[in-house]
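Just so you know, residue 1 is the first one in the sequence shown, and it goes up from there. Because only heavy atoms are used, hydrogens play no part in the values below, and waters and symmetry mates are left out as well, while side chains stay in. Both ligands and their constituent atoms are indexed starting at 1 by order of listing.
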Amino acid sequence: MPETIVESFGEGAEPLLIVHGGAGHRSTPLTQEDIDSAHAALHTVITAGHSVLKNGGTAVDAVVAAVRELEDAPNFNAGHGAALTSAGTAELDASIMDGAGNSGAVTGVTTVRNPVTGARAVMDQSEHVLFGAPTDSQLATWGVETAEQDYFITDKRRVELENFQKAPNPVFQHGTVGAVARDASGHVAAATSTGGIVNQEPGRIGDTPLVGGGTFANDQTVAVSCTGTGEVFITEVAAHSVHARVDLAGEDPATATGQVLDRIAERGGMGGIIVVPAVGAGIAAYNSGDMYYGSASSTGLSTHV
Ligand code: ASP
């Protein structure tokens, strides 16, 4: 099992954004071209989210701006370039939560161009929290942009699926994207989006669209976005567990996140968690060997591939 890596970003109550592009274990090292492309994509993502915060925007707007860019980039497992099911289809999940306790999520969507916008529409425009495969008319009512299924499916993902089906290895199935932010008013928010795991059975749903599992936010404690072995993140209620450890056990966010990742490892899972607290340094932590992530604060912008 790889060791747990924890990196901290930002301080005080300043606006802060942290994003991830999925944790996993790479079967072969990335090519230089892949590395350069992932750094460039993360740079675009962070710039989009951080410019919202710099201009006085909300944490919710910042995480949506960042996750939209992550979904648009073919480098990461969400939106365009999502991992494919065993049937070769893209089934997408996303969730969002703000620190006041509002949340929205969609699961099993096949035509929402940016699934995070579907999640946000559920949060802002419906009486509910989670929709499974919303209908075309619901999406139209919410003003959510759609795309043909082909838009989501890239050649790279087709090859990945073919290779996986020839030589299955669950260690190499992962990915997901997410963002956590704190705005100038001290509010936090989290959003997460995914295509799930490579070769998943159609209909399988992981932790990403589940508030408490893959995403959680509370203005008194932390905003959290997870990536990793969905089944274990769900049963450990991973994102909420980070909040609960900070809230009830008084742990600092880095300790709480490390404890949750340790617990996930004990149960045979692995992955990564990004956290922005109400006050203090944010963190990116992972125990899977690799994670794409980045951050922006007053001290600058960083990307990790
Ligand atoms: N947690 C995601 C899922 O289970 C996959 C991942 O983040 O690797 O769908």
Relative to the heavy atoms of [X], which atoms of ligand 1 are at a distance of less than 4.0 Å?
| X | value |
| --- | --- |
| Gly206 | 4 (O), 9 (O) |
| Gly196 | 9 (O) |
| Thr227 | 6 (C), 7 (O), 8 (O) |

[Y] and [X] side chains, donor-acceptor separation under 3.5 Å:
| X | Y | result |
| --- | --- | --- |
| Ser225 | Thr192 | yes |
| His25 | Ser288 | no |
| Ser37 | Asn75 | yes |

Where the closest heavy atom to [atom] is concerned, which of [options] has it?
| atom | options | answer |
| --- | --- | --- |
| atom 6 (C) of ligand 1 | Ala23, Gly195, Gly175 | Gly175 |
| atom 1 (N) of ligand 1 | Asp207, Val198, Thr176 | Asp207 |
| atom 4 (O) of ligand 1 | Gln200, Arg204, His20 | Arg204 |

#### Entry: Pair His80 + Phe152: ring centers closer than 6.0 Å
no

### Message
Would you say that Phe216 contacts Val211 through its side chain, given a criterion of any heavy-atom pair below 4.5 Å between the two side chains?
### Response
yes

### Task
Tell me whether the guanidinium CZ or amine NZ of Arg26 lies under 6.0 angstrom from the six-membered ring centre of Tyr292 and within 45° of its axis.
yes

### Task
For ligand 1, find out whether one of its N or O atoms is nearer than 3.5 Å to an N or O atom of Cys226.
no

### Query
Going by heavy atoms, is Gly22 under 4.0 Å from ligand 1?
no

